[in-house]
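Being a predicted model, the structure only gives us computed values, none of them experimental. Atoms within each ligand, like the ligands themselves, are counted from 1 in listed order.
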Amino acid sequence: MFTDKESFKKVFSESLVGELGTPLEEATSADVYKVLSGLIREYAGRDWAATNREYQQRGEKQVYYFSMEFLIGRLLGNNLLNLGILDIVREGLQELGWNLEDIEEQESDAGLGNGGLGRLAACFMDSLASLQYAGHGCGIRYKYGLFEQKIIDGDQVELPDYWLQKGNEWEVRRADKKVEVRFWGKVEAREENGRWIFETKDYESVMAVPYDVPVIGYGHHHVNTLRLWSAESAMLSSSKGMASRHYDYYNFLNYNRSVESISEFLYPDDSQYEGKLLRLKQQYFLCSAGLQSILRTFEKLGLSYDHLPEKVSLHINDTHPTLIIPELMRILVDVKGYSWEQAWDITVRTVSYTNHTILSEALEKWPTGMVRDLLPRVYMIIEEINRRFCSMLHEQNPDDQERIDRLAIIGSDQVRMAHLAIAGSHSVNGVAALHTDILKKKEMRPFYELYPERFNNKTNGITHRRWLMHANPGLAELINESIGSDWITEPRKLIDIHKFSEDKGFQDRLHSIKQQNKLKLAAYIQEKNGVSVDPNSIFDVQVKRLHGYKRQLLNVLHIMHLYNQIKANPSLDRVPRTFIFGAKAAPSYYLAKRIIKLINVVADTVNHDPDVGGKLKVVFLENYSVSLAEKIIPAANISEQISTASKEASGTGNMKFMMNGALTIGTLDGANVEMHEMLGDENMFIFGLKSDQVFDYYQYGGYDARGIYAGDPRIHQVLDQLIQEGPFCTSPREFETIYDSILNHNDEYFVLKDFAPYVNTQLEIEASYRNQTEWLKKSIINIAHSGKFASDCTIEQYANEIWRINPVRQMSMN
Ligand code: 26V
């Protein structure tokens, strides 16, 4: 369509004028965004169709990544980058009087995820396409993404995120591919020719309509599909829909409302499981719709279902899509006539599962009554899976009923989704070495003993295309000039910049790139928060969901302590710091919301106290999101990864900061452990309890938060400041809940235990920052080692070790 700047300008101007019917000069940024993104979608459209044709012709094995969340953010910039036309378009627009960055700002973030799990799915989509794998996403097109956060008087207020308001140029509605999903009803069983037939009567029908989003690979013509399902009333298209005996007009209206609610919003919790019927409906909706469309495609190959595992991999992102297992069993047994044993063999060989958390409160357990009512036939199948699983355990060990009860898939009137996922898949992976180790040795130990060959590790990764090339073009350019551009397709080659770690020229340029990024962020902070921050101060950043185990509180208590020190001695010689936070709290997580308030109160006090004299600034940036992350991370000097050891399964923010040259202060948790193995103590600031120590305290006791409070005057002071009127407390007991969580609930996350080591490590950081040559050397070494955490490497491992697929190099290029 266009191969150079001039042809782009021509095509673009014509489209703009043609679509708007107004002269070029009258177009707004929003107009330009709309026309440009439509044009790019069309531009990629031919490759998309060609890729799909290729898949059909070659019958290559297809991977389907099922996830309730895809936190993809904005697409325009990354699509231009992957198509190789970013420069042409930027320069072309410039000459027409537009700035590409301003145009990109017009796009709403697709915030269809809570945090790490959803963002991982998005990075994986990018890597699958860029490595030319036949891998697709299967998710839900929520009308409302994760809530928009406003900070009002220091408190979080949640607003609906109607991200589709301005339309979505990237998606294509495929009404021709819609499928029916059935809920409720009664199962009737009868025997026919010696076979049991199960038929569900009086069910309620919902139509699932797919919206396809192209996933454009980097540097070639490979385009995969992210298929997002939307729920629609079945009444409009046929007489199906609600069970007919319930029909009347008011019932019809209720039915319509209940159908549309299925894909209405994303559940905004990321670590607190609640047995909500609507959430269960969403999960089955995704599994049933996704599976039907996949099997339709499979059937075109004309093979029997015995071949399914050779042609299809179904991967489930956490337990949320686990119903894919009984649903596939239902289709194979009830519809395709397979025996239970054959169907089970096919299912297990087709499905694989990733675990993302060991937090017990996040483990999904659905009340049996709810599953039985909503999905009667699926529930019968789960019961049968459970019956056979338990009798297998019984055969192995008839005397150990306790073991059977513990491992059972159904127990205490609940369906335990993790147990079902492990029993029904051939691969179970954790997301960082430590996490997988904990799964094997502790959390899932009996399952590991049962199926050792199923367990494996796949350390998370991030796409360097979004998180380095797009977010930090200056740094990408410096790397290109120093070692060439091979790292772009082979990110491990980033290691080649290691040889520049002591190179003055490289260091100086890295420094000036970081400074420019900091200046840009400083301008953003000035605009949004009205706070002026010193670009020469250390930008110390903690951005992630707000949760007790992530310990934003440890960070704030440290800031309060620094403030107290400066107040006591205003001439104290400290390197100026800007503490930057971004975090959404689950709407119902009261303690987390109090911590947001505390950060904002501390910010207010610190930023306005003349005694502090610019040594400290604290900024809470509202509405943390993918696009905001792209602004913040390239500007960071320090990355805060300070979770209670053992609790953060992997973390992926840690990798993004590392790739952008920030140094990490962190605990030995999640993927920090693997970062530390590569970087060593010199290039990473490790502190605090190790996971084994944490487990020991939980198991044997011996931790006494009050003792630490009594023994450390710094801690005593900051905790008292939470409940006494003073610089951080305008009304007494304002932060009593926080205070209580530490002193009256014995500090579940060991904030006080790690406080002193944290303070000391922050002092080391300061000393280190004073020596810029040493600092820049460490920063370069961090970037050099970050290639290991590119999601391309992670996806290669999934492809080789779990899915067993090869890249599909296109035969016909146009
Ligand atoms: C749980 C729930 C429960 C109720 C409603 C919505 C919802 C949504 C998500 C979750 C699961 C949260 C698990 C999760 O996000 N784990 C994170 O996964 C990242 C990617 O593997 C990893 O880097 C983080 O360490 C881990 O916390």
Any atom of ligand 1 sitting under 4.0 Å from a heavy atom of M68? no
For atom 15 (O) of ligand 1, find the nearest protein heavy atom and state the residue, atom name and distance (0.1 Å precision). L117 CB, 3.3 Å
Can you confirm, on distance only, whether ligand 1 has an N/O atom lying under 3.5 Å from any N/O atom belonging to A649? yes
Any G651 heavy atom less than 4.0 Å to ligand 1: yes
Lys/Arg-Asp/Glu bridge criterion (N-O < 4.0 Å) met for R279, E274: no
Consider ligand 1: state whether an atom of it lies below 4.0 angstrom from any non-hydrogen atom of R279. yes
Can you report which non-hydrogen protein atom sits closest to atom 2 (C) of ligand 1, along with the distance? D269 O, 3.5 Å
Heteroatom proximity flag, K550 to ligand 1, N/O under 3.5 Å: no
Closest to atom 27 (O) of ligand 1 among protein heavy atoms sits E648 OE1, 3.1 Å
Do D669 and S646 have side-chain atoms, one donor and one acceptor, less than 3.5 Å apart? no
Does a donor on one side chain and an acceptor on the other come within less than 3.5 Å for E361 and Y273? no
Identify the closest protein heavy atom to atom 11 (C) of ligand 1: which residue and atom is it, and at what distance? D270 O, 3.4 Å
Should S313 and I805 count as side-chain neighbours, where that means a heavy-atom distance under 4.5 Å? no
Contact (N/O only, under 3.5 Å) between T357 and ligand 1: no
Atoms of ligand 1 close to V431 [distance to a heavy atom under 4.0 angstrom, numbered from 1]: 21 (O)
Identify each donor-acceptor pair in which a side-chain atom of residues 417-424 lies under 3.5 Å from a protein atom, sequence neighbours left out, and give them as a table.
| residue | atom | partner | partner atom | Å |
| --- | --- | --- | --- | --- |
| H419 | ND1 | L407 | O | 3.0 |
| H419 | ND1 | A408 | O | 2.9 |

Looking only at heavy atoms of H435, does any of them come nearer than 4.0 Å to an atom of ligand 1? no
H356-ligand 1 polar pair, N/O distance under 3.5 Å: yes
Is it the case that D437 and N457 place a side-chain donor and acceptor less than 3.5 Å from each other? no
Pairs flagged by side chain to side chain donor-acceptor pair (under 3.5 Å) wherever residues 579-590 is involved - sequence neighbours left out: K584-N623
Between N78 and R465, does any side-chain donor sit less than 3.5 Å from a side-chain acceptor? no
Considering heavy atoms of the protein only, find what lies nearest to atom 3 (C) of ligand 1 and give residue, atom and distance to 0.1 Å. Q272 O, 3.6 Å
